[in-house]
Amino acid sequence: MLCQECQEKEASVHVTKIINNKKQELYFCKECAQATGELKFGSDFSFNNLLTGLLNSKPHSHHQINLSSKQLRCSNCDLSYQEFSHNGRLGCSQCYDYFGDKINKILRRIHSSNRHTGKIPKRIGENVRVKRKINNLKEEMGQAVAKEEFERAAVLRDEIKELEDRLDNRG
Amino acid sequence: MEEKIMNQWMKELGPNSDVVVSSRVRLARNVSDLSFTHHASNEELKQVGSKVEQLLEEDDHFQLELIGIDSLSEFERKMLVEKHLISPEHTQTNKHKAVALSEDETISLMVNEEDHLRVQVLLPGLQIEEAWSVADRLDNHIEDQIDIAFAEEYGYLTACPTNVGTGLRVSIMVHLPALNMVNRVEKLMSAISQLGLAVRGLYGEGTETVGNLYQISNQVTLGHSEEEIRENLLEVTQQIIEQEKNARKLLLQEQEVSVKNKVYRAHGILTHAYSISIEEAMELISNVRLGIDLGIIKRIEPTILNQLMVMIRPATLQLTKGQKLSIEEREIYRAELIKELLD
């Protein structure tokens, strides 16, 4: 049977919809099923499925966390953690804060990391940039001390101090 | 929207174009303080739209033309998918979705996709760095005018945690007929997926591979810098190019007759068929393209095959013809079009 949308490819997705006791049969090829949104391949199979699998997998011991996670909700956009773990999409940027530890764990599982090391937006990221520089300098200073290069360490210390003052002044 | 069919990656050949068809860079960005698209109110989605409108009005460098998805016909929307300018999900008409395109269609800015903003730059051949530099500049321009959701710890915040951090997805489309003929693609692909890269079919996630075309992209977006992500993909791509070229050499040395036979037969069918399905056409186009790259066929421009790949797809085909066609009519018109272009 051919896909009823493009009438071009063999239908490989069969959807039966029952709405108000009315039954509707639909036949699509993979691409059209995806395009028409009749079947969200993204969220039902493949990558997303894997992701929501990760979200739903329970931590081994902390029984309490599981209980509370059902009521966990983002106070900004009202998305519940349960909704998130169901469709794999967060509701707003603040969900990242409200779902705190849980998000952190998920990110570590997906990316093997929980720390952005890439681009920082120029205008709104100035403070972040300065902080990152301070961290790098501190690391360098530590290495300098370890190598007993105390003069260099002192220079670095002053540089760090100056940057920290700049941050404080800006608030 | 004017119905032009060709765009840059279809018309021109980039570096290493005998193996790499195109390079694409995508950045996911969201407007801070608004809910992500799928969770946003109508009002919020409208706000995203008007912010972009304002941004584009004040810009005279990128010169993007903003097109509301709901202003397009069904075919026009599908053609944008076939040309890789929007995602299949972005064809819905009810969510204030829009796309801004540059004149040559190398830049596309999707508005209210899974994330509020998706910057995409698509260039022919292996041009990851070039595509990145354009996307980065457009991103800077956006950030200059619009407050973008960004956190110190997690970087650019996205609707799906798989995109958080850099929000960067770099992908290349490669044509690997020889590796496929010597049955080495599967092995290669499984090696690639162990390097944190994903392999997909021509039209993204969940689609099958056709015509020996594969898309390879980075999976991880957090914890590596944009440069590291690009370098990783570039290195892998260079190895793929080398392996494919070796396989081609090997084929010519050891199976010259059978390769030539395959190429000429493919050309024969493409230039004489009365009616042809898309799958068959894609397979044969792939063989002819291999023939051109191996110097077996000399008088056909390799760009024609890039064009054909898009032109023979259902929506683009019907837009070219200017009318709705039945499946039978489509197969006949497809064969006609191919003949015309190959002559």
Side-chain angles (χ1 to χ4, degrees), chain A residues 2 5-10 30-37 40-42 44-48 50-51 54-55 74 76-79 83-84 87-97 103-104 106-108 110-125 127-128 131-132, chain B residues 30 32-40 78 81 88-89 91-92 114 136 139-140 143-144 147-162 164-166 168 196 198 203-208 219-229 277-279 314-315 326-327 330-331:
Chain A
L2 285 172
E5 180 74 9
C6 64
Q7 310 233 316
E8 184 103 355
K9 290 190 173 170
E10 197 58 29
K30 267 192 186 174
E31 277 173 43
C32 290
Q34 193 170 24
T36 56
K40 287 207 175 115
F41 274 100
D44 284 323
F45 299 110
S46 68
F47 199 57
N48 245 315
L50 204 72
L51 174 63
L54 283 178
L55 305 183
C74 170
N76 181 51
C77 74
D78 207 39
L79 184 93
E83 281 170 85
F84 164 57
N87 68 20
R89 304 277 184 279
L90 292 155
C92 70
S93 49
Q94 292 188 33
C95 290
Y96 281 94
D97 294 328
I103 282 286
N104 209 312
I106 290 160
L107 292 178
R108 252 181 290 166
I110 299 173
H111 301 283
S112 315
S113 166
N114 58 359
R115 187 115 211 133
H116 177 59
T117 55
K119 181 174 175 176
I120 297 168
K122 274 203 187 71
R123 192 167 49 83
I124 59 170
N127 281 357
V128 180
K131 278 189 204 163
R132 196 184 278 179
Chain B
N30 286 283
S32 78
D33 301 328
L34 295 180
S35 293
F36 295 143
T37 307
H38 76 108
H39 199 60
K78 286 188 176 164
V81 178
E89 296 78 18
T91 53
Q92 292 170 318
E114 180 183 296
D136 187 37
D139 182 42
N140 288 341
E143 195 272 325
D144 196 41
D147 284 350
I148 294 297
F150 181 88
E152 181 177 353
E153 194 177 9
Y154 297 150
Y156 292 96
L157 302 174
T158 53
C160 183
T162 50
V164 82
T166 55
L168 171 67
Y203 282 85
E205 219 172 286
T207 59
E208 278 167 46
Q219 216 40 306
V220 166
T221 55
L222 178 68
H224 296 282
S225 69
E226 288 82 359
E227 202 181 347
E228 289 164 338
I229 292 170
S277 76
I278 190 154
E279 281 84 3
S326 73
I327 172 154
R330 252 184 263 169
E331 300 206 329

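All heavy atoms count here, side chains included; hydrogens, waters and symmetry mates do not. Throughout, a chain's letter reflects where its sequence line sits, starting with A, and its residues are numbered from 1. Keep in mind that what you see is a predicted model, and the values were worked out from it rather than measured.
Heavy-atom pairs under 4.5 Å with chain B were tallied for A:G118, A:C92, A:S112; the largest tally goes to A:C92. Contacts with chain A were tallied for B:A149, B:A159, B:G155; B:A159 has the most, counting heavy-atom pairs under 4.5 Å. With respect to chain A, the highest number of heavy-atom pairs below 4.5 Å among B:N30, B:L168, B:D136 belongs to B:D136. Comparing B:N140, B:L157, B:T221 by heavy-atom pairs within less than 4.5 Å of chain A, the highest count is held by B:L157. Note: A:P121 leads A:S113, A:P121, A:S93 in heavy-atom pairs under 4.5 Å with chain B.
Across all non-hydrogen atoms, the minimal contact from B:L222 to A:N114 is CD2-CA, 3.8 Å. When all heavy atoms of A:I103 and B:Y154 are compared, the pair lying nearest together is CG2-CE1, 4.0 Å. The minimum heavy-atom distance between A:L107 and B:V164, with the atom names listed, is CD2-CG1, 3.5 Å. Contact record, B:H224 with A:T117: C-OG1, 3.5 Å, taken as the closest heavy-atom pair.
The SG atom of B:C160 sits 6.5 Å away from the CD1 atom of A:I110 when rounded to the nearest 0.5 Å.
Side-chain atoms of B:E152 and A:R115, non-hydrogen and from C-beta on, do get closer than 4.5 Å to each other. Here the side chains of B:H39 and A:L90 are not in contact, with every heavy-atom distance at 4.5 Å or above. Between A:K119 and B:D139, the closest side-chain pair of non-hydrogen atoms falls below 4.5 Å.
The backbone N or O of B:P161 sits less than 3.5 Å from a side-chain atom of A:H111, completing a donor-acceptor pair.
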**Request:** Let me see the working for A:R123 and B:D147 under side-chain contact (heavy atoms from CB on, under 4.5 Å), right down to the final yes or no.
**Result:** CA-CA 9 Å; A:R123 192 167 49 83; B:D147 284 350; 2.8 Å; yes
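For B:D144, the CG atom sits in a packed shell: over 12 heavy atoms of surrounding residues, nucleotides or ligands are nearer than 6.0 Å.
Proximity to chain A (any heavy atom under 4.5 Å) is shown, for B:T158, by both the backbone and the side chain. Heavy atoms closer than 4.5 Å to chain A are found nowhere in B:E331, neither backbone nor side chain. Proximity to chain B involves both the backbone and the side chain of A:N104, based on heavy atoms less than 4.5 angstrom apart.
Taking a cutoff of 4.0 Å between a charged side-chain nitrogen and a carboxylate oxygen, B:E143 and A:K122 do not qualify as a salt bridge.
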